[in-house]
Novice: 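Sharing a structure below in structure tokens format, with a few things to ask.
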Amino acid sequence: MNTMILALPGAENLAQTLASLLHCPASMLEVHRFPDGEGLVRLRTGVEGQRVLLAAHLDHPDEKTLELLFAADAARDLGAAEIGLVAPYLPYMRQDERFRPGEAITSRTYARVLSATVDFLVTVDPHLHRMASLDQIYTVRSKVVAAAPAIAQWLVREVPQPLLVGPDSESEQWVADVAGRLDVPYVIMTKERRGDRDVQVRMPPGARCEGRVPVLLDDIASSGHTLATAAEVVRDAGWGQPLCIAVHALLDQAGLDLLHRAGARRIVSCDTIPHPTNAIALGPWLAEGVRGYLQD
Ligand SMILES: O=P(O)(O)OC[C@H]1O[C@@H](O)[C@H](O)[C@@H]1O
């Protein structure tokens, strides 16, 4: 079966990277906005009998998900044989519980919608905290690509003697993976979240830096408060200015300013979302993740 990549708006670079690594054509989705804000999508090339890989950056998901649903439905309607989604950042994974009475469990709802839309999904380090795997909420085949190998390779090149630091218990899965690949020590802090922009982070008793460069690593930087508070704790401990790494950089300029004010020596991210901090390219790992679905 022939495969083609269909880029949603903003994912043109991702689509071109995948197209060149997977040796298949890429096409850009056309989106027209009517004066009232409604959108109309149009596929510029035929898809009949083909496997269509939708490439999408799903930060700001409320704006982008409808375009994705319309594109997938149009492709299906126009005869696509199979539809896959390559979304390096999978949104709505954090609200996996009803924390207060009456709240929606949006991770489940979002998973149901995407599972009804595509045949398979490839993503990078989804925020699996209380869940063991995506299969608990996604009913389509899914492949999780780990950012850890790329982050470890980047650190080997850029930071001679790192000490990996996770700002909270959730981060240990990613921090331990990277530290294990580099054979370096790591420390996991404890975090208490009191609100969207109000967190308290504590260093575990007895933690030592031993002359290494502290590297704060988290899966998501959203408001930036988790990494900024952790950076302050690192500096208060006398460990110097930390390097901050996020797999998924959602933060805006105010978040970046917050991190700089907290004393981050440098802020870098993987390219799961286009962002000024992007330094770690995941294209080859994503392409490898997709290859498993291109057997016929
Ligand atoms: O503190 P901000 O940047 O807003 O949010 C990011 C944090 O919230 C958690 O779910 C993530 O794993 C990360 O630790």
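Atoms within a ligand are numbered from 1 in the order they appear, just like the ligands themselves.
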Novice: Is there a donor-acceptor contact under 3.5 Å linking the side chains of S171 and D218?
Specialist: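 S171 vs D218: no donor-acceptor pair found between side chains.
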Novice: Where is the tightest heavy-atom contact between L85 and L68, given as atom of each residue plus distance?
Specialist: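 What the structure gives for the nearest pair is CD1-CD1, 3.8 Å.
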Novice: Are H275 and S269 close enough that a side-chain donor and a side-chain acceptor fall under 3.5 Å?
Specialist: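 The criterion, which ignores hydrogens and geometry beyond distance, is not satisfied for S269 and H275.
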Novice: If we ignore angles and hydrogens, is there a donor and acceptor under 3.5 Å between the side chains of E82 and Y293?
Specialist: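 Absent: no donor and acceptor within the cut-off.
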Novice: Would you mind telling me which of V184, V178, L243, L217 makes a side-chain contact (heavy atoms from CB on, under 4.5 Å) with P162?
Specialist: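 The side-chain contact (heavy atoms from CB on, under 4.5 Å) with P162 is passed solely by V184 among V184, V178, L243, L217.
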Novice: Are any protein N/O atoms closer than 3.5 Å to the N/O atoms of ligand 1? If there are, list each pair with names and the distance to one decimal place.
Specialist:
unit_1   : atom_1 : unit_2 : atom_2 : d
ligand 1 : 1 (O)  : R193   : NH2    : 3.1
ligand 1 : 1 (O)  : T226   : N      : 3.0
ligand 1 : 1 (O)  : T226   : OG1    : 2.6
ligand 1 : 3 (O)  : S222   : N      : 2.8
ligand 1 : 3 (O)  : S223   : N      : 3.2
ligand 1 : 3 (O)  : G224   : N      : 2.8
ligand 1 : 4 (O)  : S223   : N      : 2.8
ligand 1 : 4 (O)  : S223   : OG     : 2.6
ligand 1 : 5 (O)  : R193   : NH2    : 3.3
ligand 1 : 8 (O)  : R193   : NH2    : 3.2
ligand 1 : 12 (O) : D219   : OD1    : 2.6
ligand 1 : 14 (O) : D168   : OD2    : 3.2
ligand 1 : 14 (O) : K191   : NZ     : 3.2
ligand 1 : 14 (O) : D218   : OD2    : 2.5

Novice: Ignoring hydrogens and geometry beyond distance, is a side-chain donor-acceptor pair present between Y186 and D177 at under 3.5 Å?
Specialist: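 No.
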